[in-house]
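Below: one structure, written as structure tokens.
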Amino acid sequence: MRWVGILSALWIGLSNSASSQTVVWSGSDLPRVDSMCQQFQQLYTQIREESVLPDSARKIFSDIMLGLRTKFRSAEPFRLDSTHRDSLLRTAYFSFPLRNYTADAIGGRHGEGYRGKGFDLFDYNVRGSHPAQDIFIVDRDQDCIDDHTDRPADVLAMTSGVVLAIETAWTPGQEYRGGNWIWIYDPILDGLWYYAHNNAVLVRPGDWVQSGQKISEVGRTGYNAYATRSPTHLHLMYLQIQEDGLPIPRNPYSWLLSARNF
Ligand SMILES: [Zn+2]
């Protein structure tokens, strides 16, 4: 579903009174969302290939994020005060990102697989952190077919948002760690979701996805995820966008615990 098409539906979903009010976009001097997606796709590819200096990447990233924030906040459904926003987050806002799985599938005892310290999105050489939760499927023979269902395991969007960028061309032997990934911007949270190691990716940049919508299937793509030592899993990261447009990782563990299961 294209993101423009959903705005009226979202409006009705978010407002208490059904309204026929149409969404009016202001800030028309800003680039279109589609072109911000293209910029993000290009930037993240350059970061991965280390063809952009970290400081330049930071500046480009924050420009894109400030643009997205302004663009979405100019639309009525996303102009929420903090009370409305907080109550929205309490009412089944999050969807557990693996169909047929629950929080038991999260790696570590109490989500301790998350290590946010030292993370730098803009410097691909910085390693050692893991600002993410890994969520494992039952796949003993590592063929990406769920041993319980005999089918691929569906990855579902944690929250609604616009798909900014995807990778679909990872091949074994490539050193890129994320494999086939998806980046989604949630304008309500003003943050980014990153889903990595996917097999099939079913969304495209510019798509609007609903919370709980299938976006991909769990895979083993990515340098480490492909190795036999790695059980098949989804790598899920959330980056909160700060006032200056720069990202800071936030542990999504409590959100995973409160998420609706499908
Ligand atoms: Zn991971």
Side-chain angles (χ1 to χ4, degrees), residues 41 44-51 54 57 96-158 163 165-184 192-203 214-239 247 249-253 256:
Q41 176 93 36
Y44 190 66
T45 306
Q46 287 174 340
I47 291 171
R48 195 182 60 172
E49 290 164 0
E50 296 173 66
S51 60
F96 196 79
L98 287 191
R99 194 191 304 281
N100 297 322
Y101 285 89
T102 66
D104 293 343
I106 301 170
R109 252 167 201 281
H110 301 287
E112 65 232 10
Y114 180 93
R115 298 184 307 279
K117 221 174 163 200
F119 174 70
D120 186 348
L121 179 69
F122 307 104
D123 190 342
Y124 205 71
N125 280 314
V126 174
R127 300 187 188 204
S129 70
H130 184 259
Q133 293 291 347
D134 290 333
I135 310 173
F136 295 86
I137 68 165
V138 181
D139 177 24
R140 285 178 197 89
D141 58 357
Q142 303 194 337
D143 62 353
C144 302
I145 298 297
D146 190 303
D147 296 353
H148 287 161
T149 62
D150 237 7
R151 298 174 46 80
D154 295 346
V155 176
L156 312 177
M158 273 289 284
V163 178
I166 58 168
E167 176 61 83
T168 57
W170 187 86
T171 51
Q174 280 187 357
E175 290 186 11
Y176 300 135
R177 300 187 289 271
N180 290 333
W181 37 256
I182 302 170
W183 282 99
I184 295 178
L192 293 175
W193 291 104
Y194 172 76
Y195 304 82
H197 310 324
N198 302 284
N199 205 353
V201 170
L202 306 172
V203 291
K214 179 176 177 180
I215 55 172
S216 64
E217 291 170 355
V218 176
R220 304 181 51 80
T221 62
Y223 185 72
N224 292 317
Y226 187 71
T228 312
R229 66 175 180 277
S230 173
T232 309
H233 68 280
L234 166 71
H235 171 99
L236 176 76
M237 174 168 74
Y238 176 77
L239 300 177
R250 179 200 197 278
N251 190 346
Y253 188 64
L256 286 166

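Nothing here was measured: the structure is a model prediction, and the numbers come from that model.
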Enter the distance from Arg220:CZ to Asp143:CG here, rounded to the nearest 0.5 Å. 9.5 Å
Holding to ring-ring contact (aromatic ring centres under 6.0 Å, His included), I want the full list of residues that pass it with Phe136, two or more places apart in sequence or in another chain. His233
Under a 3.5 Å distance rule, please check whether Asp147 uses its side chain to pair with a backbone N or O of Arg140 as donor and acceptor. yes
In terms of heavy-atom contacts, does CD of Glu175 have more than 12 from other residues, nucleotides or ligands at under 6.0 Å? no
Not counting sequence neighbours, which residues clear ring-ring contact (aromatic ring centres under 6.0 Å, His included) with Tyr226? List them please. Trp170
Quick one: closest heavy-atom pair of Thr232 and Gln142, and the distance? OG1-CA, 4.2 Å
At what distance, to the nearest 0.5 angstrom, does CG of Leu234 lie from CG of Asn198? 6.5 Å
Are more than 12 heavy atoms from other residues, nucleotides or ligands located less than 6.0 Å from atom OH of Tyr253? yes
Tell me, with the steps shown, if Arg229 and Asn224 meet side-chain contact (heavy atoms from CB on, under 4.5 Å). CA-CA 8 Å; Arg229 66 175 180 277; Asn224 292 317; 3.0 Å; yes
Got a second to check how far Leu202's CG is from Ile215's CD1, nearest 0.5 Å? 8.5 Å
Could you give the distance from CE (Met158) to CG (Leu98), rounded to the nearest 0.5 Å? 10.5 Å
Just wondering, do Trp183 and Tyr44 contact through their side chains at under 4.5 Å, heavy atoms? yes
Parallel, tilted or perpendicular: which describes the rings of His235 and Tyr194, with under 30° parallel and over 60° perpendicular? perpendicular
Taking side chain to side chain donor-acceptor pair (under 3.5 Å) as the cut-off, I'd like each qualifying pair that reaches into residues 148-157, sequence neighbours left out, listed once. Arg99-Asp154, Asp154-Lys214
Taking all non-hydrogen atoms of both residues into account, name the closest pair between Thr102 and Phe96 and its distance. O-CZ, 3.2 Å
From NE2 (His197) to SG (Cys144), nearest 0.5 Å: 11.5 Å
Can you check whether Phe119 reaches Leu239 side chain to side chain, under 4.5 Å on heavy atoms? yes
According to the salt bridge (Lys or Arg N to Asp or Glu O under 4.0 Å) rule, which pairs have a member within residues 109-123, sequence neighbours left out? Arg58-Asp120
Phe122 and Pro247, any side-chain heavy atoms less than 4.5 Å apart: yes
Trp193: ring-ring contact (aromatic ring centres under 6.0 Å, His included) partners, not counting sequence neighbours: Tyr238, Trp255
Just so I know, are the side chains of Pro152 and Ile145 near enough to count as touching, which here means a heavy-atom distance under 4.5 Å? yes
Would you name the heavy atoms of Leu236 and Leu256 that are closest together and state the gap between them? CD2-CD2, 3.9 Å
How far apart are the closest heavy atoms of Gly116 and Pro131, and which atoms are they? CA-CB, 4.0 Å
Rounded to the nearest 0.5 Å, what's the gap from OG1 on Thr171 to CG on Asn180? Could you check? 9.0 Å
Partners meeting side chain to side chain contact (heavy atoms under 4.5 Å, CB included) with Arg48 (sequence neighbours left out): Thr45, Tyr124, Glu167, Tyr176, Trp181
When you look at Ile182 and Val155, which way does the side-chain contact (heavy atoms from CB on, under 4.5 Å) test go after all the steps? CA-CA 11 Å; Ile182 302 170; Val155 176; over 6 Å; no
Would you say the side chain of Asp146 lies within less than 4.5 Å of the side chain of Asn100, judging by non-hydrogen atoms? no
Apply the test side-chain contact (heavy atoms from CB on, under 4.5 Å) to residues Ile184 and Tyr195: give CA-CA distance (whole Å), side-chain angles for both, the deciding distance (0.1 Å), then the verdict. CA-CA 9 Å; Ile184 295 178; Tyr195 304 82; 3.9 Å; yes
Please answer whether the main-chain N or O of Gly111 pairs with a side-chain N or O of Gln133 as donor and acceptor at a distance below 3.5 Å. yes
